[in-house]
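For reference, the structure I am asking about is given below.
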Amino acid sequence: EVQLVESGGGLVQAGGSLRLSCAASGFSGDDYAIGWFRQAPGKEREGVSCIATEYESAVYADSVKGRFIISIDRAKSTVYLQMTQLKPEDTAVYYCAAEILSGGLAYMPPASEFGAWGQGTQVTVAS
């Protein structure tokens, strides 16, 4: 069973940076897509970024392109989301999710395609 634990959230001023971590365990020998999603109060969960372990290809939502970078540390079984130039509209609970995937990524998979989820970490960006 895949288990995901997010960390690194917090309160930051607009323009600041945070790095979220998603520590994963329970992976089999398959390749996976590991994604970051966020959900603000009263809004639907939206995809932020996703990385495929096979080729380490990454995709981003338009709203975060150029500001966020997703990366993977295979030795630590951890996926990071480096967030810079944060805006108040980035405020949300951020979740990581994982699903088996062979090949690369051409688009951000929807949340419904992910079977394993972490508990979330709160990111608050003050104006």
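These numbers come from the heavy atoms of this one structure, side chains and all, not from hydrogens, waters or symmetry mates.
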Review point. Would you say the side chain of I51 lies within less than 4.5 Å of the side chain of V79, judging by non-hydrogen atoms?
Key: yes

Exercise for review: Please round to the nearest 0.5 Å and tell me the distance separating atom SG of C22 and atom CG of D73.
Suggested key: 12.5 Å

Check your understanding: Would you say the ring centroid of W36 lies under 6.0 angstrom from that of F68?
Key -> no

Exercise for review: Would you sort out whether E44 and F37 count as a side chain to side chain contact (heavy atoms under 4.5 Å, CB included), showing the intermediate values?
Suggested key: CA-CA 10 Å; E44 293 187 357; F37 293 79; over 6 Å; no

Check your understanding: Considering all heavy atoms of both residues, which atom of L4 and which atom of A98 are nearest to each other, and what is their separation?
Key -> CD1-N, 3.7 Å

Exercise for review: Check the hydrophobic clustering (I, L, V, M, F, W, Y; side-chain heavy atoms under 4.5 Å; chains of links allowed) and say if Y80 and V59 are grouped together.
Suggested key: no

Point to revise | Nearest heavy atoms of A40 and A92, plus distance in Å | key: N-CB, 3.8 Å

**Study point:** 4.5 Å side-chain heavy-atom contact, L20 and T121
**Key:** yes

Review point. Side-chain heavy atoms under 4.5 angstrom apart, residues restricted to Ile, Leu, Val, Met, Phe, Trp, Tyr: same cluster for V5 and I34?
Key: no

Review point. So how far is it from W117 CH2 to E99 CD, rounded to the nearest 0.5 Å?
Key: 10.5 Å

**Study point:** Chi angles and distances behind the ring-ring contact (aromatic ring centres under 6.0 Å, His included) call for F27, Y32
**Key:** CA-CA 9 Å; F27 282 168; Y32 284 79; 4.1 Å; yes

Review point. Is the count of non-hydrogen atoms from other residues, nucleotides or ligands lying under 6.0 Å from Q119 atom CD greater than 12?
Key: yes

Exercise for review: Evaluate salt bridge (charged side-chain N to carboxylate O under 4.0 Å, His left out) for K87 paired with D90, printing each intermediate quantity in order.
Suggested key: CA-CA 5 Å; K87 305 175 181 179; D90 294 318; over 6 Å; no

Study note, to complete from the structure: Looking only at heavy atoms, the pair that brings V93 and G120 closest together is CG1-CA, 3.9 Å

**Study point:** From S21 atom OG to Q82 atom CD, the distance as rounded to the nearest 0.5 Å
**Key:** 9.5 Å

**Study point:** Verdict with reasoning, I72 to E56, per side chain to side chain contact (heavy atoms under 4.5 Å, CB included)
**Key:** CA-CA 8 Å; I72 185 168; E56 296 192 16; 3.5 Å; yes

Exercise for review: For A23 and T78, work out which heavy atoms get closest and say how close.
Suggested key: CA-OG1, 4.0 Å

**Study point:** Beyond-backbone contact of Q13 with V125, side-chain heavy atoms, under 4.5 angstrom
**Key:** no

Point to revise | Y60-L105 co-clustered via ILVMFWY side chain contacts under 4.5 Å | key: no

**Study point:** Derivation and outcome, side chain to side chain contact (heavy atoms under 4.5 Å, CB included), residues S102 and E54
**Key:** CA-CA 7 Å; S102 295; E54 183 170 0; 4.0 Å; yes

Practice item. List the steps, then state whether side chain to side chain contact (heavy atoms under 4.5 Å, CB included) holds for V12 with T124. Key: CA-CA 6 Å; V12 65; T124 302; over 6 Å; no

Revision key, fill the gap. Here the gap from I69 atom CD1 to T84 atom OG1, rounded to the nearest 0.5 Å, amounts to 6.5 Å

Review point. How long is the span from the CD atom in E46 to the OG atom in S63, to the nearest 0.5 Å?
Key: 5.0 Å

Practice item. Calculate, to the nearest 0.5 Å, the distance between atoms CD and CG belonging to E6 and L81 respectively. Key: 11.0 Å

Check your understanding: Is there side-chain contact between C50 and P109, with at least one heavy-atom pair below 4.5 Å?
Key -> yes

Review point. When clusters are formed by joining ILVMFWY residues with side-chain heavy atoms under 4.5 Å apart, either directly or through shared neighbours, do V64 and L86 land in the same one?
Key: yes

Exercise for review: Answer yes if the side chains of Y94 and R38 hold a donor-acceptor pair under 3.5 Å, and no otherwise.
Suggested key: yes

